[in-house]
Amino acid sequence: MSQSTPVTKASHVVLVDGSGYIFRAFHALPPLTRKRDGLPIGAVAGFCNMLFKMLKDQKDDSRPTHFAVIFDKGSITFRNDIYDLYKANRSETPEDLIPQFPLTRDATRAFGAPAIELEGFEADDLIATYARQAEALGARVTILSSDKDLMQLVSDRVSMLDPMKNRHIGPKEVEEKFGVSPDKVIDVQSLAGDSVDNVPGVPGIGVKTAALLLGEYGDLETLLDRAGEIKQKGRREKLLQHADMARVSKELVTLKTDVAVDVALEDLGVTDPDVEVLFDFLEEMGFRTLTARVRQALGDGQSDGIRADDTAVDTQGAFVSPATRGTYPNTVFDPTRYECVQTEDRLIHWIRRGFEVGVVAVDLETDGLDSRAANLVGVCLAVDDNEACYVPLAHKGEGDLLGEGVPDQIPMARALELLEPLLHDPAVLKIGQNFKYDLGVFLRHDLYPAPYDDTMLISYALDNGINSHGMDALSETHFGHSPVPFKEIAGTGKNQKTFDMIGLEDATRYASEDADVTLRLWKFLKPKLAAGHVTRVYESIDRDMPHVVAKMENEGIKVDRAELSRLSALFSQKMAGLEAEAHELAEGPFNLGSPKQIGEILFDKMGLPGGKKTKTGAWQTGVEILEDLADNGEALPRTILNWRQFSKLKSTYTDALQAQINPGTNRVHTSFSLAATTTGRLSSSDPNLQNIPIRTEEGRKIRDAFIAEPGHLLVAADYSQIELRLLAHMADLPTMKQAFADGVDIHALTASEMFGVKLDAMTPDIRRQAKAINFGIIYGISAFGLANNTGVDRSTAAEFIKTYFEKFPGIRAYMEATKAEAKELGYVSNLFGRKCHIPGIRERNPQRRAFAERQAINAPIQGTAADIMRRAMTRMPDAIHGVEGARMLLQVHDELVFEVPEGREDALIAVVKQAMEHAHEPAIHLSVPIDVEAQAAKNWNDAH
DNA sequence: GTAATCACG
DNA sequence: GACGTACGTGATTACG
């Protein structure tokens with residue numbers, strides 16, 4: 001055990017926050033039980049690994065001279081006398097953790113370290129006491145914890161180490177977190193409060209504001225004394241009103257540094273553990289791997305460091321996807337070998353190399369991010385590791401004088417002419433990363449590269465839900481190599497250069513590296529498709545998306561600027577009226593756009609009931625809260641809601657959309673992301689055309705502005721209830737399948753099954769509830785969520801769910817099987833075999849695990865629908881080929897929008913319906929019919 | 001840059 | 001110690 005060793009300047013005192021560590025280890029590590037009897041020991045295992053690492057795996061200069069593990073004792077401390085609600089919001093300690101508390105103390109002693117605790121004090125107070133004592137003697141102190149409450153102790157001699165992330169926390173890190181130096185941390189916490197410990201603080205003041213105020217006034221007392229001088233009214237009143245709370249909070253967060261400890265600091269001197277005791281303990285726990293490591297460390301005096309032991313790594317290993325295993329053999333990048341191609345001869349040489357190898361990475365550089373507005377600036381090719389070139393085509397001079405210093409470049413038309421045979425050769429595979437972008441640019445130069453592979457989509461098929469699929473992220477994940485950031489060569493902010501302004505040396509280094517990385521990613525990832533059983537997903541669903549979607553983006557959709565402008569004016573007018581009304585009701589002006597001010601007016605000033613706080617301590621003022629208040633007869637909340645609706649419509653749609661209209665064509669071009677979602681859906685941005693209003697009458701007006709060219713019509717084709725149909729098929733629900741086969745209103749059917757109401761006696765209200773339940777099922781229903789959404793109470797919602805499970809018995813089996821699959825494999829698959837990785841599925845935290853389970857239930861349904869849509873889209877060019885002048889413009893998850901010359905709309909609808917309704921075939925067979933509804937009109941609103 | 005809010009399927 | 005409850009997205013504004 002410990003020995004008495006004086007603490008001096010040369011000492012290194014290591015204090016472990018034992019209680020903090022156990023809780024974190026318990027939640028972070030997979031559940032692990034002792035084989036013999038099922039005793040839960042996961043946290044103990046993590047704890048032992050940490051102790052061993054701390055004691056043995058240290059460099060000589062950081063090895064502890066004094067060491068102790070400190071624990072909380074009891075849950076009532078002196079702080080409860082100050083504030084009876086202190087830590088009152090803590091939930092019960094998990095059942096599986098309770099038996100592990102005494103075991104961690106045993107473990108501590110087995111490692112020869114003192115386990116220290118004292119009735120009436122938290123571990124933090126004991127740590128503070130020892131730390132300050134040691135500091136006063138000039139020693140160095142390391143606190144093993146990530147608890148922010150301990151950060152007030154940090155100084156130039158006292159630092160913290162997060163034992164799970166191995167992250168060092170010094171004065172700099174504390175300042176990053178709190179915005180003030182460590183000696184002001186207490187003051188910040190007193191103001192900001194802490195929801196975890198239920199420290200009240202001053203409402204409405206968070207860490208950021210607290211730091212700001214302290215920066216101005218120095219310390220808490222000064223600030224409270226001079227609070228009357230604060231300019232911002234809200235803050236001033238808060239501080240004046242809650243000064244006492246701040247003072248109480250200060251007492252709560254200030255750690256005691258003068259606890260009368262019963263083990264003296266110098267008695268914490270490190271000794272070697274009693275080997276026999278240690279091995280007995282490890283064997284008792286069944287930690288075989290750790291036993292072996294300890295033996296090895298004691299035997300040869302060297303340790304290879306502790307990796308997580310036994311089960312921890314194995315179970316986590318299940319989440320490592322095929323693609324993330326291993327690295328590409330050559331991860332050395334040599335920019336000196338990249339060539340800048342400025343002559344036809346050299347370009348011909350590179351093209352010849354491309355034909356020889358048959359696989360060429362192609363990357364285009366442009367002067368913007370929007371592939372339609374951007375101009376081609378250069379082309380990049382890679383044919384092998386480190387063998388890449390950059391062909392500048394439209395670089396300007398580095399100086400700003402006209403024509404001054406413009407580099408020699410092959411004329412663009414000539415270069416593209418030379419490249420064309422390579423790009424179109426069916427025997428040469430082109431590789432791109434997010435090739436949709438490059439294809440869009442090529443399209444405008446009348447080039448159609450084929451065949452091609454897209455590394456972003458390969459990664460998406462392999463790893464969705466795990467990595468993101470951008471090039472930099474992929475390079476870092478698989479090669480441990482960070483490509484040159486664009487910012488580094490182009491600068492940032494408004495002085496950021498576009499690519500044509502960048503010098504050839506930098507441009508060559510940057511662009512060639514992109515192509516080089518892309519080619520290596522392809523070599524590394526492509527073979528993994530087969531191993532991951534996702535070849536079919538990639539080949540038959542994703543591979544053709546880039547050129548199909550590039551074409552759609554290029555087409556854009558026509559938007560009537562005058563109509564939008566008219567609506568903007570209309571909405572402005574409405575807002576002005578509502579604003580005046582709101583200010584009158586509030587008896588004073590305020591910013592209607594500020595949720596913070598609204599909360600303060602409704603709940604502080606007017607004192608309305610039903611206020612809830614967000615996790616940051618601000619009042620919630622979302623629709624649901626305001627609706628409730630309005631239902632109670634309050635006028636102001638309704639006015640605010642109405643104002644918000646018009647504000648949203650104006651700012652997000654009628655104003656923003658006008659700015660996005662391409663002046664040449666009067667069309668708007670969105671960008672679809674093919675690899676942004678975990679389920680397989682697309683997303684749309686710049687602008688997002690997948691969330692144009694439709695649910696309210698006012699909002700729908702915006703769709704009037706989406707129009708067809710003169711002499712043309714828009715056609716909107718929607719999958720009808722596709723997710724419910726897929727649910728009926730996947731969960732094998734005979735009643736529901738029959739209803740779909742018969743063309744019955746599915747929500748009415750559900751209602752009649754659940755509530756025993758005949759179809760012809762259906763009321764809209766009952767049907768609406770049934771509809772909510774149907775959606776709930778798809779989202780991985782919970783009683784809480786359903787109650788929220790239908791307005792019934794929680795027990796009624798639970799009854800609904802129970803009835804649903806009884807009436808549609810396949811549901812429960814589907815849900816359980818899906819959760820089990822996710823738990824076993826770490827991912828779920830949709831009907832086409834697309835995987836959706838669910839990283840949280842083995843979370844210890846019940847809430848987060850429940851969230852993961854709902855994701856697991858939803859992903860196959862949403863994802864199968866998404867993939868049916870993808871297949872329909874890739875088949876669409878062929879399908880509509882016979883309808884002259886027809887073009888596909890937009891996708892909105894279950895809807896496709898086309899434009900067609902007037903008179904050909906019926907022909908188009910026929911082929912589109914056919915393609916969409918059979919898109920899943922022959923890959924899968926469904927036991928429900930798929931139904932598509934399509935309509936033609938002059939504008940998007942009327943096409944529904 | 002983050003949080004809150006709200007638009008869509 | 002951390003979650004704060006239906007799935008999947010993106011854009012805007014306030015606030016600092």
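The aromatic rings of A/Tyr460 and A/His469 sit perpendicular, their planes meeting at an angle over 60°, well past the 30° parallel limit.
In the model, A/Ser671 has no side-chain atom that pairs as donor or acceptor with a side-chain atom of A/Asp686 under 3.5 Å. Residues A/Ser145 and A/Asp147 have side chains that never bring a donor and an acceptor to within less than 3.5 angstrom of each other.
Side chain of A/Asn688, nearest nucleotide from C/dT12, C/dC3, C/dA11: C/dA11. With distances taken from any side-chain atom of A/Phe23 to the nucleotides C/dG1, B/dT5, C/dG10, the minimum falls on C/dG1. Distances from the side chain of A/Lys648 to the nucleotides C/dT9, B/dT5, C/dC7 place B/dT5 closest. When distances are taken from the side chain of A/Ala772 to each of C/dA6, B/dT5, B/dC8, the shortest belongs to C/dA6. Of the listed nucleotides (C/dA6, C/dG10, C/dC15), C/dC15 has the atom at the smallest distance from the side chain of A/Ser594.
Between A/Arg681 and A/Glu723 there is a salt bridge, since at least one side-chain N of the basic residue sits less than 4.0 Å from a carboxylate O of the acidic one.
Within the 4.0 angstrom heavy-atom criterion, no nucleotide atom of any strand lies near A/Ser647. Here A/Gln855 lies in heavy-atom contact (under 4.0 Å) with sugar-phosphate atoms only. Residue A/Gly699 is classed as having no contact, given no heavy-atom separation below 4.0 Å to the nucleic acid. Contacts of A/Asp894 with the nucleic acid, taken as non-hydrogen atoms under 4.0 Å apart, involve only primed sugar atoms and P, OP1 or OP2. Using a 4.0 Å heavy-atom cutoff across all strands shown, A/Ala859 reaches no nucleic acid atom at all. Using a 4.0 Å heavy-atom criterion, one finds that A/Arg681 contacts the bases of the nucleic acid, with or without backbone contacts as well. Residue A/Ala656 is in sugar-phosphate contact alone, with no base atom involved, counting any heavy-atom pair closer than 4.0 Å across all strands shown. Using a 4.0 Å heavy-atom criterion, one finds that A/Glu895 contacts no nucleic acid atom at all.
A gap of 15 Å separates the P atoms of C/dA6 and B/dA4, to the nearest Å. If you take atom P in C/dA2 and the same atom in B/dA3, they sit 16 Å apart, rounded to whole Å. With both ends at atom P, the span from C/dT5 to B/dT5 equals 13 Å, rounded to whole Å.
For A/Phe800 and A/Tyr804, the ring centers are positioned 6.0 Å apart or more.
As rounded to whole Å, 16 Å separates atom P of C/dT12 from atom CZ of A/Phe571.
For the pair A/His893 and C/dG8, the ring geometry does not qualify as stacking, because the centroid separation below 5.5 Å and plane angle under 30° are not jointly satisfied.
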